[in-house]
Chemist: 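Handing you a structure now.
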Amino acid sequence: MGTPLDSSAAALRHIAVIMDGNGRWAKQRHLPRYEGHRRGLQVARAMVRACAERHIPYLTLFAFSSENWRRPAVEINALLTLFGEAATLLSEEMVNNGVRVVFIGERTRFPVKLQRTMTNMETVTAGGKTLNLTIAVSYSGRWDIVQAAAAIASNGGDFTEDNFNLHLATTDAPPVDLLIRTGNEQRISNFMLWQAAYAELYFSEKLWPDFEKTDFYSAIDDFSGRERRFGDVGKAC
Ligand code: IPE
Ligand code: IPE
Ligand code: MG
């Protein structure tokens, strides 16, 4: 079994996206932040289609971080309402497009009704073969590592990299190859700390609601030009 760092240099199997900039997009237009999140959801739908078109099998979207619980209640409630609506309204579209949806994160923090809606979306899309879409909600990389360690400890398992891979929330996904962050910030914000250990990083100045398919394809093209060495010597050597 491969380690998380063990990935083919050319293959692009897993893209993870920190979808940032919704609030600023709304502010620029004198709209409530919630409108930025609504628009951001439509961009996320477009990126799911773009991944399927480019035959990229794994896409992970950061929709709500563990730290986002610090936001004002009005914004949190608006986001939770949007997640519930999206999970209900988009399930059929995901099934029709062969998208298997999985939510990762501390979902017990969400209202029970929303938890049920998420589980239902996972169940109805479970047969999807085109794209594995992971949506990270109430997620943080540190939370994931700690919950994996706790699970290993509770069943007396070995603290090996392979065993961590199995117990992380992303258990059946390959390591992240390309990590994209929009919104003109250059930080990881506690996302996929283990899984993106050797990811290529791509930062876009565009706010997420302005991010287009062509921007996504530019990130993929940029990735294609990178030399991934994984600690080895380069081709030129
Ligand atoms: C990202 O956009 C979406 C979430 C964190 C839920 P932001 O809401 O962080 O937008 P900015 O960074 O304030 O513009
Ligand atoms: C990261 O964006 C979380 C998501 C995109 C869901 P934030 O806007 O919360 O991150 P910081 O606060 O700028 O680091
Ligand atoms: Mg932000």
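The first residue in the sequence is number 1, and the count goes up from there. Note that ligands are numbered from 1 as they come in the structure, with each ligand's atoms numbered from 1 the same way. Quantities reported herein were computed from a predicted structural model and do not represent experimental measurements.
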Chemist: Do NZ/NE/NH1/NH2 and the carboxylate oxygens of Arg228 and Glu200 come within less than 4.0 Å?
Modeler: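 Result for this pair is yes, salt bridge flagged.
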
Chemist: Consider ligand 1: state whether an atom of it lies below 4.0 angstrom from any non-hydrogen atom of Arg71.
Modeler: yes

Chemist: Under 4.0 Å, heavy-atom basis, I'd like to know which part of Arg70 is in contact with ligand 2: side chain, backbone, both or neither.
Modeler: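 The answer is neither; Arg70 stays 4.0 Å or more away.
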
Chemist: Could you check whether the rings of Tyr139 and Phe191 sit parallel, tilted or perpendicular, using 30° and 60° as the cut-offs?
Modeler: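 Rings of Tyr139 and Phe191: perpendicular, over 60°.
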
Chemist: Above 12 or not: heavy atoms from other molecules or residues under 6.0 Å from CZ of Arg142?
Modeler: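 Open.
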
Chemist: Heavy-atom contacts with Phe64 under 4.0 Å: which atoms of ligand 2 show up? List them by number with element.
Modeler: 6 (C)

Chemist: For ligand 1, is Ala63 a contact, meaning one of its heavy atoms is under 4.0 Å away?
Modeler: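 Per 4.0 Å heavy-atom rule, Ala63 contacts ligand 1.
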
Chemist: Find all atoms of ligand 1 within a distance of less than 4.0 Å from any non-hydrogen atom belonging to Asn68, and give their numbers and elements.
Modeler: 5 (C)

Chemist: For ligand 1, is there an atom lying under 4.0 Å from some heavy atom of Gly183?
Modeler: no

Chemist: Closer than 2.8 Å to the Mg ion (ligand 3): how many protein N, O or S atoms are there?
Modeler: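 Total protein N/O/S atoms under 2.8 Å from the Mg ion (ligand 3): 1.
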
Chemist: Can you report which non-hydrogen protein atom sits closest to atom 8 (O) of ligand 2, along with the distance?
Modeler: Asp20 OD1, 3.1 Å

Chemist: Just go through His37, Glu185, Arg181 and tell me whose heavy atom is the nearest to atom 2 (O) of ligand 2.
Modeler: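 That would be Arg181.
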
Chemist: Ignoring hydrogens and geometry beyond distance, is a side-chain donor-acceptor pair present between Gln42 and Arg45 at under 3.5 Å?
Modeler: yes

Chemist: For atom 14 (O) of ligand 2, what's the nearest protein heavy atom and its distance?
Modeler: Ser189 OG, 2.6 Å

Chemist: Do the rings of His14 and Tyr58 sit parallel, tilted or perpendicular, given the 30° and 60° boundaries?
Modeler: tilted

Chemist: If you measure from the Lys or Arg side-chain nitrogens to the Asp or Glu carboxylate oxygens, is any gap between Arg181 and Glu205 under 4.0 Å?
Modeler: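 Between Glu205 and Arg181 there is no salt bridge, as every charged N stays at least 4.0 Å from the carboxylate O atoms.
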
Chemist: Quick test: of every protein heavy atom, which one is nearest to atom 1 (C) of ligand 1, and how far off is it to 0.1 Å?
Modeler: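 The protein heavy atom lying closest is Met19 O, 3.0 Å.
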
Chemist: Atoms of ligand 2 less than 4.0 Å from Ile18 heavy atoms?
Modeler: 1 (C), 5 (C)

Chemist: Just to be sure I read this right, does ligand 1 sit under 4.0 Å from the backbone of Lys27, its side chain, both, or neither, counting only heavy atoms?
Modeler: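 Within the 4.0 Å criterion, Lys27 makes no contact with ligand 1.
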
Chemist: Suppose I only count heavy atoms of Arg187 and a 4.0 Å limit; which atoms of ligand 2 are within that range?
Modeler: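 Near Arg187, the atoms of ligand 2 are 11 (P), 13 (O), 14 (O).
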
Chemist: Should Trp143 and Leu179 be regarded as members of a common hydrophobic cluster, given that ILVMFWY residues are connected when their side-chain heavy atoms come within less than 4.5 Å of each other, either directly or indirectly?
Modeler: yes

Chemist: Is any N or O atom of Arg33, backbone or side chain, closer than 3.5 Å to an N or O atom of ligand 1?
Modeler: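 There is such a contact, yes.
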
Chemist: Establish whether atom 12 (O) of ligand 2 and some protein heavy atom are separated by less than 4.0 angstrom.
Modeler: no

Chemist: Taking 4.0 angstrom as the limit and counting only heavy atoms of Arg24, give me the atoms of ligand 1 inside it, by number and element.
Modeler: 11 (P), 12 (O), 14 (O)

Chemist: May I ask you to say whether Glu185 pairs ionically with Arg24, meaning some side-chain N is under 4.0 Å from a carboxylate O?
Modeler: yes

Chemist: Would Phe230 and Tyr198 count as a ring-ring contact (aromatic ring centres under 6.0 Å, His included) if you check the C-alpha gap in whole Å, the side-chain angles of each, and the deciding distance to 0.1 Å?
Modeler: CA-CA 7 Å; Phe230 299 102; Tyr198 248 104; 5.1 Å; yes

Chemist: Please give me the minimum heavy-atom distance between Ala26 and Pro32, naming the atom from each residue.
Modeler: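 That closest heavy-atom pairing would be CB-O, 3.3 Å.
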
Chemist: For the residue pair Phe83 and Phe110, categorise the inter-ring angle as parallel (less than 30°), tilted (30 to 60°) or perpendicular (more than 60°).
Modeler: perpendicular

Chemist: Do Glu212 and Lys206 come within less than 4.5 Å of each other through their side chains, counting heavy atoms only?
Modeler: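 SC-SC contact between Glu212 and Lys206 confirmed.
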
Chemist: What I want to find out is whether Asp172 reaches Arg100 closely enough, with some N-O distance under 4.0 Å, to be called a salt bridge.
Modeler: yes

Chemist: Can Val74 be reached from Leu41 by stepping across I, L, V, M, F, W or Y side chains whose heavy atoms are under 4.5 Å apart?
Modeler: no

Chemist: How far is atom 10 (O) of ligand 1 from its nearest protein heavy atom, and which residue and atom is that?
Modeler: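 Heavy-atom neighbour on the protein nearest atom 10 (O) of ligand 1: Gly23 N, 2.9 Å.
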
